Each structure stands twice: as C-alpha cells, then as structure tokens.
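On a predicted model such as this, the values are computed, not experimentally measured, just so you know. The chains referred to below are lettered A, B, ... by the order of the sequence lines, with proteins before strands, and numbering in each begins at 1.
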Number of protein chains: 2
Amino acid sequence: MAEGRTDGRIERGNQTRRLVLRRTVEIASVEGLEGLSLGRLASELNLSKSGVFALFGSKEELQQATVRAAVDVFLDQVVTPARRTPPGVARVWELCRLWLAYSEQRVFPGGCFFYSVAAEFDARPGPVHDTVVGAQADWRAFVERTITEGIEAGDIAAGTDVTLLAFELIAFLELANGDSVLRDDSAVYRTATTAVLRRLHAVATDPSSLPAVP
Amino acid sequence: MAEGRTDGRIERGNQTRRLVLRRTVEIASVEGLEGLSLGRLASELNLSKSGVFALFGSKEELQQATVRAAVDVFLDQVVTPARRTPPGVARVWELCRLWLAYSEQRVFPGGCFFYSVAAEFDARPGPVHDTVVGAQADWRAFVERTITEGIEAGDIAAGTDVTLLAFELIAFLELANGDSVLRDDSAVYRTATTAVLRRLHAVATDPSSLPAVP
DNA sequence: ATGCCAAGTGAACGACCGTACGTTCCTGGG
DNA sequence: CCCAGGAACGTACGGTCGTTCACTTGGCAT
C-alpha cells in the first residue's frame, strides 16, 4: 500500500457509512434513535438490510454512531464558528445566537438532535445513554468555559455564578427549540433572544459590546 | 337501572382501564409512548393482550388516554395545590416550587411525563401530537394567567412582560427536570430554584413575600 | 327465568424487527 | 497471476408487534 494512502476498499465502506449516518441523524431527530430501523434505512437508501447491519455490527452501534455523527454536525454549525469571535461576553452571545440559528434553521429536521435524543434516553441505562450524556456534558462544559473566559477578559462581572448563568442560558435555548418544534412556530426564538440578551446585559461590564435587547 | 347508579359492568371496565393507565403513564415517562406495547402490558398486569386492546380500541387511543391520565396526575400534584396560595407573586413561586417537587420526587419514574412525551411527538403529526400540544398550551396559559393575576394584585411590577417571564420560568423548570434525569443528579434543582427566585425577586414589588435566594 | 350486552379470553393473522450465515463482487498486495 | 479480505447481497430464523374474530363469562333489565 502506498504510504498515507487509505485502502480504497475501506474508504468505500466509510463512504457508505457516512451515507447511512447522514440519513439516520435526520430520522432520529424526528422519530428518535429507537425509530431507526435497518430495513427502512436499507430500502430508503437502496441498500440491503444485511449490508447496513454489517456496516455497524449491531443496531446499538448504529445508534451510537448516529450520535457521534450529530456531534460533528453540531460542532461544525455552532462551536467552531463561535471560535471566530474573540473570547468575552461577545463570544458567549455569539454562541447563543449560533445555537438559536442552528435550531431555527432546522439543521436537523426535527430541531436540535440532542433535545430529542436526550429526552428519549435520559432514563434508560446503556451505552447509548452514556454517549448522549457525554455529549451533553461536553456542551455544558464548553458554555461554562466560554463564560469563564468572559470573566477573565474582564467582560463579565467578576462575581458572576458561572454554573447558574450557563444553566439559565442553556434553559432559554432548549425551551426555544422545544417550543418551536412542538407548536411549529418560530416566534419563540424572538422571546428566547430577548431572554438571553437581557441576562447577558445584566452581567456585562460593557453592554455596548452586545446588541440591544429587542 | 336505579337512577344515578352506574352500570356495574361498565364500572368494571373503567376500573381495568384505570389499572392499565396507572402503568402506562409510568412506562411512557421512561420509554415513551411508542415504548408502550399491548403484549407487555398484558403480561405485566395479568390480562390478555386482546383484552387490553379491546379496552382502548387501538394503540393510538391508548396513547392519548395515557396523556390524559398524566394530565390528571399533573393537575393533582401541581395546579390544584397551587390554588391554595392566594393569587400574587407568592402563587407564582408556589407553582414553580410545586413543579420542581413534582419533578424531583419522580411522581413519574422518568421525571416529568410531558417533557419525555413532548420531545417524542413534537415533530410527528397526528392525534397524539395534538393532545400533547394541547396539554402543553394549557400549562403555559395557566402560568401566564397566574403571572397576570400577580400583576393585577400589585404584587408584580406593572410593566412586566408576561410572555417573557413565563418563558423564562418554564425554561428553568424544564431544564432542571431534563438535566436531573439525564445525569441522575438532583443538585440541579437547587440551581433552578435560585434562577426562579432571582427572577421573581427582580419583578416583585414586595420581595419580602418571597423566600430569600439561596 | 330469559335475553341482552359489555368485559375479557385465546388463537391466529400478516408485517416487521434485529440478527446470522454463506455467497458474490471487487480491489489492493505479494 | 492469484489470493486475502472487505463491501454488499440474498435468504432465513425466531420473536414481537398491532389487530381481528369467534368465544365464554357474568351482571343487568324485563
């Protein structure tokens, strides 16, 4: 094998795996990870049921791979773009803004993938549960770190309770998503934006670095 | 038939129906409404599968009946007790406190029934979706009405944005539930309590009618 | 006592599920 | 050239699903 070149056979498998996962994240955001079915996937993608099965080894492994694929999409849509804004309260706001756009634009057709899947597996033990918990914990930690950076930059009041602020912001984001999907109404994103900005204005040392509250 | 006396045969059916629903709300709060299975219910309750089926006519009707049964429990645990506190900011707080207790004490083993079920059916059309949306809308309307009563009582600042405040409070409650179930950790209820009380203190005309922020 | 009617049973159905196994096809390495 | 090995296929298996239907049982009214 030429150095560094990947085996074309394996690459073909990875490509099919990506094809499958592109569909499973969509399905799971609407119908949940238990709504995935090998037979249905196979017929939708013109593959054989046993072929799809062989790509992942088990349904549970397919579910976990689906969660990991959704994480990649989320990082791409929210976390990575937010890094382009310099640390501080502006980055915290940018993170929230990107998250709301990610939800509103239905990057996943059923709204935030993790909202659906976390509610589905929250009370069920097992590897899938653990993978979801891990993803959620990483997200929360990132929000808290971003807030902490804002404090260190002198952008956010020194005495701010990081855990509490992160809790409040995430709560606004998640309810905006849940409500808009449930009632098929995007007006709630405006309410959430107001809630987030009001909260950030209250802790920002220099409110002019933030948009006005609508 | 004696006047006002119900037919004992029908009453027997209602009793069995209640027996089934007592179990389905538990299961659905953990595994979702799609996790309900007639065969499993029958064997757990020592009934015949076709008997359970006949009681509800279809699985979909069983799911809707389960949602209605959960509404009754919720009213009993949260809404009705809150009415014992006189209208005003204290009743708003009492409502939130009761809700957090309802979630934390696991009245349903999977946490708030509606959190699980709303996430499951949010993006799926059909009668079950509509029933869930209706229940959620009633709850939100009740919170908003309770806040409005607080304003009318002079307890809450006149200019308060009712929709926004209701959104924020409900967001805190729901994330507390979601987080505590997902991570099997009840510490988040303290964070949520702080968030709720801080928000209410900010709009209360007489903060002494509220507990101190922890 | 007789007839009606709802509750509940038991067996059977067609459909779909996840999984297993042997085969075919194709590509890269010796 | 030949063959090792991964992708993908076809078929089959055991099991569970929701639903149907003919039936027994037992409380109610006449």
Exercise for the section: Please lay out, stage by stage, how Arg190(B) and Glu104(B) fare under the test salt bridge (charged side-chain N to carboxylate O under 4.0 Å, His left out). Expected result: CA-CA 11 Å; Arg190(B) 195 172 177 76; Glu104(B) 183 168 13; over 6 Å; no
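Atoms CG (Leu55(A)) and P (dG6(D)) sit 13 Å apart, rounded to a whole Å. Atom pair Glu11(A):CD and dG28(C):C1' shows a separation of 14 Å (rounding to whole Å applied). As a whole-Å value, the separation of Glu34(B) CD from dC17(C) C1' is 14 Å. Atoms CG (Leu33(A)) and P (dG18(C)) sit 13 Å apart, rounded to a whole Å. In this structure, CD of Glu60(B) is placed 12 Å from C1' of dG18(D), rounded to the nearest angstrom. Whole-Å rounding puts the Gln15(B) CD to dA6(C) C1' distance at 15 Å. Remark: P of dT25(D) and CD1 of Ile10(B) are 22 Å apart, rounded to the nearest angstrom. When rounded to the nearest whole Å, the span between CZ of Phe56(B) and C1' of dT19(D) equals 16 Å.
By the side-chain contact (heavy atoms from CB on, under 4.5 Å) test, Ser103(A) is found to be paired with Trp99(A), Arg106(A), Asn177(A), Tyr189(A), residues two or more places apart in sequence or in another chain being considered.
No hydrogens or angles were tested; on distance alone, a donor-acceptor pair under 3.5 Å links the side chain of Ser50(B) to the base of dG10(C).
Nucleic acid contact class of Leu36(A) (heavy atoms, under 4.0 Å, all strands): sugar-phosphate only.
Screening Phe114(B), Phe113(B), Phe108(B) for a ring-ring contact (aromatic ring centres under 6.0 Å, His included) involving Phe74(B) leaves a single residue, Phe114(B).
A cation-pi arrangement, defined by a distance under 6.0 Å to the six-membered ring centre and an angle within 45 degrees of its axis, is present between Arg124(B) and Phe121(B).
Each of Val52(A) and Lys49(A) has a nearest nucleotide on DNA chain D; the 5'-most of these lies closest to Val52(A).
When distances run from any side-chain atom of Phe53(B) to the nucleotides dC9(D), dA7(C), dT20(D), the shortest one goes to dT20(D). Here the nucleotide nearest the side chain of Arg17(A), chosen from dT19(C), dA7(D), dG8(C), is dA7(D). Distance from the side chain of Lys59(B) is smallest for dT19(D) among the nucleotides dT19(C), dA7(D), dT19(D). Nearest nucleotide to the Ser48(B) side chain, out of dG8(C), dA8(D), dC28(D): dG8(C).
Put simply, Arg40(A) has no side-chain N or O that comes within less than 4.0 Å of OP1 or OP2 on dC17(C). Within the structure, every side-chain polar atom (N or O) of Ser37(B) is placed at least 4.0 Å from both OP1 and OP2 of dT16(D).
A donor-acceptor pair under 3.5 Å is formed between the side chain of Glu120(A) and the backbone N or O of Leu33(A).
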